[in-house]
Amino acid sequence: MGADPSVMLFGLDVDDHKAIIGTTRGLVEKYGRERVFGTPLSEDAMTGVAIGAALSGIRPIHVHIRMDFLMLAMNQLVNVAAKSRYMFGGQESLPMVVRAMIGKSWGQGAQHSQSLYSFFMHVPGLKVVAPTTPYDAKGCLISAIRDNDPVMYVEHRLLHYQKGPVPTEPFTVPAGKARITNAGDDVTLVGISYMQVECLRASKYLLETGISAEVIDPIWLNPLDIDTIAESVRKTGRLLVVDNDWLSCGAGAEIITQVLEQVPDRHIQVGRMGFAQCTCPPAPSLEELFYPNARTVAARAFDLVRDNAVTWIPEERADLQEVEFKGPF
Amino acid sequence: MGADPSVMLFGLDVDDHKAIIGTTRGLVEKYGRERVFGTPLSEDAMTGVAIGAALSGIRPIHVHIRMDFLMLAMNQLVNVAAKSRYMFGGQESLPMVVRAMIGKSWGQGAQHSQSLYSFFMHVPGLKVVAPTTPYDAKGCLISAIRDNDPVMYVEHRLLHYQKGPVPTEPFTVPAGKARITNAGDDVTLVGISYMQVECLRASKYLLETGISAEVIDPIWLNPLDIDTIAESVRKTGRLLVVDNDWLSCGAGAEIITQVLEQVPDRHIQVGRMGFAQCTCPPAPSLEELFYPNARTVAARAFDLVRDNAVTWIPEERADLQEVEFKGPF
Amino acid sequence: MNIKKVYRELFRIRRVEEEIARIYPSDKIKSPVHLSIGQEAVSVAVCEALVPGDIVFGTYRSHALYLAKGGDLRAMFAEMYGKVTGCARGKGGSMHLVDIPAGFMGTSAVVGTTIANAVGYAYGLKLQSKPHIVASFFGDGAVDEGAFYESLNFAHLKQVPLIFICENNGYAIHTPQSARQRDVNLCDRVGAYGIPATRIESGDVFEIHRHVQEAADALRSGQPGPFFFECLTYRWKEHVGPNDDFDAGYRSREEAQAWMANDQVRLAGEKLSDPERMEVEQNVEAEIAAAIAFAENSSFPGASELTTDVYEESEQDGPDDFVWRGDTGGHGSGDGRGPIRDAIWSGC
Amino acid sequence: MNIKKVYRELFRIRRVEEEIARIYPSDKIKSPVHLSIGQEAVSVAVCEALVPGDIVFGTYRSHALYLAKGGDLRAMFAEMYGKVTGCARGKGGSMHLVDIPAGFMGTSAVVGTTIANAVGYAYGLKLQSKPHIVASFFGDGAVDEGAFYESLNFAHLKQVPLIFICENNGYAIHTPQSARQRDVNLCDRVGAYGIPATRIESGDVFEIHRHVQEAADALRSGQPGPFFFECLTYRWKEHVGPNDDFDAGYRSREEAQAWMANDQVRLAGEKLSDPERMEVEQNVEAEIAAAIAFAENSSFPGASELTTDVYEESEQDGPDDFVWRGDTGGHGSGDGRGPIRDAIWSGC
Ligand SMILES: Cc1ncc(C[n+]2csc(CCOP(=O)(O)OP(=O)(O)O)c2C)c(N)n1
Ligand SMILES: Cc1ncc(C[n+]2csc(CCOP(=O)(O)OP(=O)(O)O)c2C)c(N)n1
Ligand SMILES: [Mg+2]
Ligand SMILES: [Mg+2]
């Protein structure tokens, strides 16, 4: 926002003392109440406002503390934002960023726990990014802000505490490039958003059995770097996509299908994991079962490699434990 | 509605002289303005009204002349309807039917041409059906009305003129059963909604090359009868899903992935077709390219069977021609 | 209104929520809690005007409403603990209490969503000639949402037997109403729909009750609905969680003081003799202690519960042996067999 | 207003749409058309109060607005024909005309959607201290939608330089306003937001212009927006398509007659001398004939156009060689390197 006075940031609660988990701290003071402001609870119209502002020459960043609330804004996102450049015959750009948070429920239950980014992957005209490291979080955000098309920027609440190296100067992470985060030969694990962390942990568990997993972070879900994933699968012959969302018509199905389209000449074992096929339950006993975790991911990868011949699930290891997370927030 | 006084039908324009292409003709006169009524343009609240009415003991049928408008109702559909039974711990049912029309654009362009049912396939708690024959249209609608869960009933505008046998008495077509509409050995074609018609035509074109295609109409997209499809693919070794929607995170990716999960022991050639990866263009020259048709489906199936070794596209045959379709409507 | 009953309701809600706040740091309630402490009077006043069979819809901040409408206290605590004995079998959580037999129909964590549901329920009652009415509760944040206006319009169009209750506590999370609406006069907005709209500023349980009782009587006597009430009130605790937040800077303790001085729980209690009051209080304390014990001793839902209640569990329908004989070019080949549009028509 | 100019605008719109209706049965326009015949005066009156650089947003029924705001006629016909020379290169169609240089910003086929876009544009103008104003056009159907009220609220909250124009033709498709809103008084509803709201019943192009000009002047002189006008008008043709539909039963020819007697095109023409009028008419006819010929002679977009303009065509960014060294358990292992929330903060 410092570099470009046309950037505007707004959304419910961006200007309160919690400042969206600190991510908008001090921006009002720095850039003023005209460029940084909280809004009424009007997701539909405020998304329309973002679009109109973008057409007027502004680069809006619209922040939502939960992805679930975007269901109120689908009309503007799907019917307007995604289609404006095309409907205008390419004459106008629509540079806007929608920051939407997803999370791991912690008893929040049905309506505060969804990911739903597959909806945005479905519709041509939108880009989707779900970074998992501090480096990519910053670089992708700057990419998204500079992008002349609408970008859905998906933030996982648990990842907000993830540490890692970040250059202080501005830099961009290019759209459509995945990262191999662990090299391996026996199975390809694609972990989306927070599930990237679980996949990396799973790869360590798998070492106990002598299985070497290649772990890939797609970072951008659209444009998707299918080449990097397909190349890995060509080598390993096995693909497990671990998503932070329901499976049906999800990112996992898409990645698997694209890999098969790219590698028609080889018989590939595929699998996918994600939310259980139910609404998110708040009871801790059920919530535990709702999400994949490093151990269940490792177990599933093991099955793929060993053709389901034997089963195995690792003992929990303290050094690979889950991060502590505690509400309310 | 005659059989069950708790059924109520409403939505924009259900009570005008066009009567939703005749599908609601005379219902006001027969059942009265309290049970059959047009509404204000308030898709969000009217969907909420359907949910509330369903909780009160009514079986609402909410009609939308275009699927695109459901983007205004996503909050109630995804966050409320899909989740109510679960959030209520199973104590309440939510019997409601959402009739949503899709179509082939005829110059309608960006915002009146989308299918988007993959959104509803993604979210647990909703059922999705897309019948293609008069028999199934009636039987599935009665199934949907009697169902105690929310059902998205997807009608393709072009199919409204499709003729075929229909019992006059009420009957149901059970949820989750696909139909093999043409038996064959070399390739499995799954055609969704209107694309079922194109697949059947394609199977006739393919006969010219000696290829025998098994054509399957899934009818219900959720619950999906993957067994019938997987069994066919086990036989043919080749699967082409032709959808009436964009590909990314769509029904095709889902069906392909589920088949692979069911048939891990065989190397299967897969393909999918659907809308081009762009917003729907109104120019006739582009619209023609936007949709798959019998000939392009036949060509793609041919490729799958012949391992892309040679290419072929059939000459257009008058006896298999496209139906005439002309607006406005 | 029976003062003793009113005090019991108010005191009971207050104490339940204080207990929730007390237990919360133990991490036994793994779910975000939105306490109504300070706002009890609205729910109690309204529900006193309702009868069994009447229905309420609320929000994620509905502990008070749940209790005032007669929701089961043990099932409530169990739900907060995520136990299978909870009012939603551990599948709702604090934000999604429900008690169907009590007419507490459901809540939503997405602001504004249950307003239209309440309107639909009221329409359903009318259609089925059921003699009951519905109350729809929501906050001042919900009136920012477009769905609220769509709901007003439809409710008035169809004259449904419903009472809208806006619990205006002045804030949506930390944002005051004035930062979301300029020169707002909510009752003017609602009144412009032709809906009788009344603003009640006192927070007084008896005054709120008097107004709502009148509206309820009117609806029961067949007068067309809906009615609208804006009830000013105040949230004492932070938006979500068990703590005070007067040091956060978005509101002052002074602002709260007038409301605390006007505490309806204390004021109602003062109307009773000491022994009467103590009897009420002892009963309530015993009930709460028992409910907490019940929750503590209940089990978590087992693994098999995870995927039940997504759909109705139904027997598989029988097979269906229709075969379509591939009428692929058959749009015009009618031999009197109906086209699809007629089939849909006959399915309706 | 210059009467000759006003007549030219009115007559030109009328004739363009009559030509569309004439051509339509030939099937050369393969796109649903929503004609404004009968409604021309509103667009002309409003746009006469606008200056280059001002912006309008409309609906699928915006041929009149497009032309009144100075949209290119040849590009309009070409767009209707689906030609690559169309104002949206054949990617918009009749419902999605656009002319950026003319300030005709875009339309939507989903009722109510451009209202918020117009508000956002006006906010953007204010933020960038641009001296222009925005007019947002929509029908009486759009005011059923919740997004309209959200937009009113935000526009008033931020005092954006915008004029809302409700073209009230009494119907949404075939449903009269009274079947969608009971006892409606739209200006009351809007006025309750604190927004100056005026209903203009005459359909008179000069009266509408006078009111809107006043509002535009006020905005240009720095008075806070928005303003709201409800302009009664009447659609002569069917909702979509080129035909009359008085035999359909939902409205009577009698109802139309008063509006037809009040035909602003004819009335404006009568204010001119015969030679003046004929000069205008001849020029317009020639322009239209040329525009149709242009459309007819243009090419359809080629296959390569299909998937362009979905995203900006950009050069591939360079590679990026950051390697994450797998800080898998690293939530607490900070060596001063920022957590993600700080990274997002610093990206903003
Ligand atoms: C549609 C939607 N937008 C945003 C949120 C986040 N949120 C949760 S509570 C709340 C404030 C609601 O305020 P109000 O309606 O006044 O209720 P209160 O909390 O004061 O009881 C907000 C904005 C949400 N839950 N739903
Ligand atoms: C959100 C939405 N709902 C329904 C429709 C279908 N529809 C198209 S035009 C129309 C009527 C709109 O009426 P109005 O706003 O008065 O505009 P008019 O056609 O009279 O100019 C409707 C309901 C739509 N396009 N969008
Ligand atoms: Mg509030
Ligand atoms: Mg109208």
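Per chain, numbering begins at 1; letters A, B, ... match sequence-line order.
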(request) Output the option from C/L157, C/V310, C/V134 having the highest count of non-hydrogen pairs under 4.5 Å with chain B. (result) C/V310
(request) Side chain from CB out, backbone as N, CA, C, O: work out which of these in B/L94 comes under 4.5 Å of a heavy atom of chain C, or both, or neither. (result) neither
(request) Pick one of side chain, backbone, both or neither for B/N148, based on which atoms fall under 4.5 Å of a heavy atom in chain C. (result) both
(request) Measure C/L152 against the heavy atoms of chain B and call it side chain, backbone, both or neither at under 4.5 Å. (result) neither
(request) Would you name the heavy atoms of C/R89 and B/G89 that are closest together and state the gap between them? (result) CD-O, 3.3 Å
(request) Please state whether the side chain, the backbone, both or neither of C/E312 comes within less than 4.5 Å of a heavy atom of chain B. (result) both
(request) Side chain from CB out, backbone as N, CA, C, O: work out which of these in B/R99 comes under 4.5 Å of a heavy atom of chain C, or both, or neither. (result) side chain
(message) Walk me through whether C/Y81 and C/F300 qualify under ring pair (Phe, Tyr, Trp, His ring centres under 6.0 Å).
(response) CA-CA 8 Å; C/Y81 275 72; C/F300 289 111; 8.6 Å; no
(message) Please classify the contact between B/E34 and chain C as side chain, backbone, both or neither, with a heavy-atom cut-off of under 4.5 Å.
(response) both
(message) Please classify the contact of B/E155 with chain C as side chain, backbone, both or neither, using a heavy-atom distance under 4.5 Å.
(response) side chain
(request) For residues C/M76 and C/L67, determine if any side-chain heavy atom of one lies less than 4.5 Å from a side-chain heavy atom of the other. (result) yes
(request) Sort C/V110 into side chain, backbone, both or neither according to what part of it lies under 4.5 angstrom from a heavy atom of chain B. (result) side chain
(message) Quick one: does any side-chain atom of C/K69 pair with a main-chain N or O of C/A102 as donor and acceptor, under 3.5 Å?
(response) yes
(message) Heavy atom to heavy atom, less than 4.5 Å: which residues from residues 54-61 of chain B reach chain C?
(response) B/L55, B/S56, B/G57, B/I58
(request) Could you have a look at C/S151, C/A122, C/A88 and say which one has the most heavy-atom pairs with chain B under 4.5 angstrom? (result) C/A88
(request) Measure from the side-chain N and O atoms of B/T24 to the backbone N and O of B/A19, and report whether any donor-acceptor pair falls under 3.5 Å. (result) yes
(request) Report the relative orientation of the aromatic rings in C/F154 and C/Y123; use parallel for angles under 30°, tilted for 30 to 60°, perpendicular for over 60°. (result) tilted
(request) Describe, in one word, how the ring planes of C/F138 and C/F228 are oriented to each other, choosing from parallel (under 30°), tilted (30 to 60°) and perpendicular (over 60°). (result) tilted
(request) Examine whether an atom of B/K83 lies under 4.5 Å from a heavy atom of chain C, and if so say whether it belongs to the side chain, the backbone or both; otherwise answer neither. (result) neither
(message) Show me the pairs that pass salt bridge (Lys or Arg N to Asp or Glu O under 4.0 Å) and involve residues 141-158 of chain C, at least two apart or across chains.
(response) C/D144-C/R180
(request) Side-chain contact test, heavy atoms from C-beta onward, threshold under 4.5 Å: evaluate it for B/F10 versus B/V63 and give yes or no. (result) no
(message) For C/A147, which atoms come within 4.5 Å of any heavy atom of chain B: side chain, backbone, both, or neither?
(response) both
(request) Let me know if C/F57 has heavy atoms under 4.5 Å from chain B in its side chain, its backbone, both or neither. (result) side chain
(message) Taking the side chain as everything from C-beta on, heavy atoms only, tell me whether B/F37 gets closer than 4.5 Å to B/V14.
(response) no
(message) Taking side chain as everything from C-beta outward and backbone as N, CA, C, O, which of these in B/V7 sits under 4.5 Å from a heavy atom of chain C? Side chain, backbone, both or neither.
(response) neither
(request) Report yes if the side chains of C/F137 and C/S62 come closer than 4.5 Å at any heavy-atom pair, otherwise no. (result) no
(message) Heavy-atom pairs under 4.5 Å with chain B - which of C/V98, C/D99, C/I344, C/V84 has more of them than the others?
(response) C/I344
(message) Given heavy-atom pairs under 4.5 angstrom as the criterion, report whether the side chain, backbone, both or neither of B/D44 touches chain C.
(response) both
(message) If I measure from the heavy atoms of chain B, does C/I115 come under 4.5 Å with its side chain, its backbone, both, or neither?
(response) neither
(request) Test ring pair (Phe, Tyr, Trp, His ring centres under 6.0 Å) on C/H34 and C/Y60 and set out the steps. (result) CA-CA 7 Å; C/H34 300 76; C/Y60 52 88; 4.7 Å; yes
(request) Heavy-atom distances under 4.5 Å only: say whether C/E305 touches chain B with side chain, backbone, both or neither. (result) backbone
(request) Can you tell which part of B/I21 gets under 4.5 Å to a heavy atom of chain C, answering side chain, backbone, both or neither? (result) both
(request) Let me know if B/P124 has heavy atoms under 4.5 Å from chain C in its side chain, its backbone, both or neither. (result) both
(message) Can you tell me which portion of C/Y311 sits under 4.5 Å from chain B's heavy atoms? Options are side chain, backbone, both or neither.
(response) both
